[in-house]
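Atom set for the values below is all heavy atoms of this structure, side chains included, hydrogens, waters and symmetry mates excluded. Index from 1, following the sequence.
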Amino acid sequence: MEPHGPACPGSVLFGCELTASTKSYTFQVDEEDDSDHILALSVVCLSDGAKDECNVVEVVGRNHENQEIAVPVANLKLSCQPLLSLDNFKLQPPVTFRLAAGSGPVHLSGWHRIMHREDASFEVDDDLSDEDEEELPPIMPAKK
């Protein structure tokens, strides 16, 4: 049961961890799902056990020509920058996070936002003629 109704957005907590043994994580949704999905990343941070080395996190996705691209979004080092706020950096699935350098562990957290599309049966009927529309009076200049 959805507490806010089917047309209201919902958010669930998202998190994943990249390590030397698990260097990538792919966030994807069911292609049959008729909802819109957005992943909003809040924080990327080094987790317990991280070494003082550069840990580069990349986002791997597709550009406007549907070609795969990898974009670094964080370079973390325990001694100088163990955490980075991404201010709800929005991505559309499918998207892969990859530890391009370092051994981690690096934790990514944020929100998976789900916006349910309205049922097509509730669309406005376009068969109304122009005669049914009420004409608005012209806008008059303001009096000074």
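- The two residues Leu13 and Gly110 make their nearest non-hydrogen contact at CD1-O, 3.5 Å.
- Using a 4.5 Å cut-off between side-chain heavy atoms of Ile, Leu, Val, Met, Phe, Trp and Tyr, with links allowed through other members, Val95 and Leu41 fall into the same hydrophobic cluster.
- We find the CG-CD distance between Leu39 and Gln28 to be 12.5 Å, quoted to the nearest 0.5 Å.
- When all heavy atoms of Leu83 and Cys45 are compared, the pair lying nearest together is CB-CB, 3.9 Å.
- The distance from the CD1 atom of Ile114 to the CG atom of Asp36 is 11.0 Å, given to the nearest 0.5 Å.
- Here the shortest heavy-atom pairing between Lys51 and Leu78 reads O-CB, 4.0 Å.
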* To do: Verify side chain to side chain contact (heavy atoms under 4.5 Å, CB included) between Tyr25 and Thr96, making sure each step is shown before the conclusion.
  => CA-CA 6 Å; Tyr25 174 83; Thr96 298; over 6 Å; no
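- Gly104 and Leu99 get closest at one heavy-atom pair: N-CD2, 3.7 Å.
- For the pair Gly49 and Pro105, the tightest heavy-atom approach, listed with the atom from each and the gap, is C-CD, 4.0 Å.
- Atom SG of Cys80 sits about 8.0 Å away from atom CG of Asn75, to the nearest 0.5 Å.
- The shortest side-chain heavy-atom distance between Val59 and Leu91 falls under the 4.5 Å cut-off.
- Sequence neighbours left out, not one pair with a member in residues 57-95 passes ring pair (Phe, Tyr, Trp, His ring centres under 6.0 Å).
- Transitive grouping of hydrophobic side chains (ILVMFWY, heavy atoms separated by less than 4.5 Å) brings Val73 and Leu108 into a common cluster.
- In the hydrophobic cluster analysis, where Ile, Leu, Val, Met, Phe, Trp and Tyr join through side-chain heavy atoms closer than 4.5 angstrom, Leu86 is grouped together with Val57.
- Between Phe14 and Phe97, the ring planes lie tilted relative to each other; the angle falls in the 30° to 60° range.
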* Asked: Is there a side chain to side chain contact (heavy atoms under 4.5 Å, CB included) between Gln92 and Ile38 once you walk through the steps?
  -> CA-CA 5 Å; Gln92 286 187 309; Ile38 298 289; 3.7 Å; yes
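- Put simply, SG on Cys54 and CD on Gln81 are 10.0 Å apart, with the number rounded to the nearest 0.5 Å.
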Show which side-chain atoms of residues 15-24 pair as donor or acceptor with protein atoms under 3.5 Å away, not counting sequence neighbours.
| from | atom 1 | to | atom 2 | distance (Å) |
| --- | --- | --- | --- | --- |
| Glu17 | OE2 | Ser47 | OG | 3.3 |
| Thr19 | OG1 | Ser21 | N | 3.4 |
| Thr19 | OG1 | Ser21 | OG | 3.3 |
| Thr19 | OG1 | Thr22 | N | 3.0 |
| Lys23 | NZ | Gly102 | O | 3.1 |

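- Using a distance-only test at 3.5 Å, with no hydrogens or angles considered, a donor-acceptor pair links the side chain of Asn55 to the main chain of Glu53.
- Across all non-hydrogen atoms, the minimal contact from Asn88 to Ser42 is OD1-OG, 3.1 Å.
- Taking the ring centroids of His37 and Phe27, they lie at or beyond the 6.0 Å cut-off.
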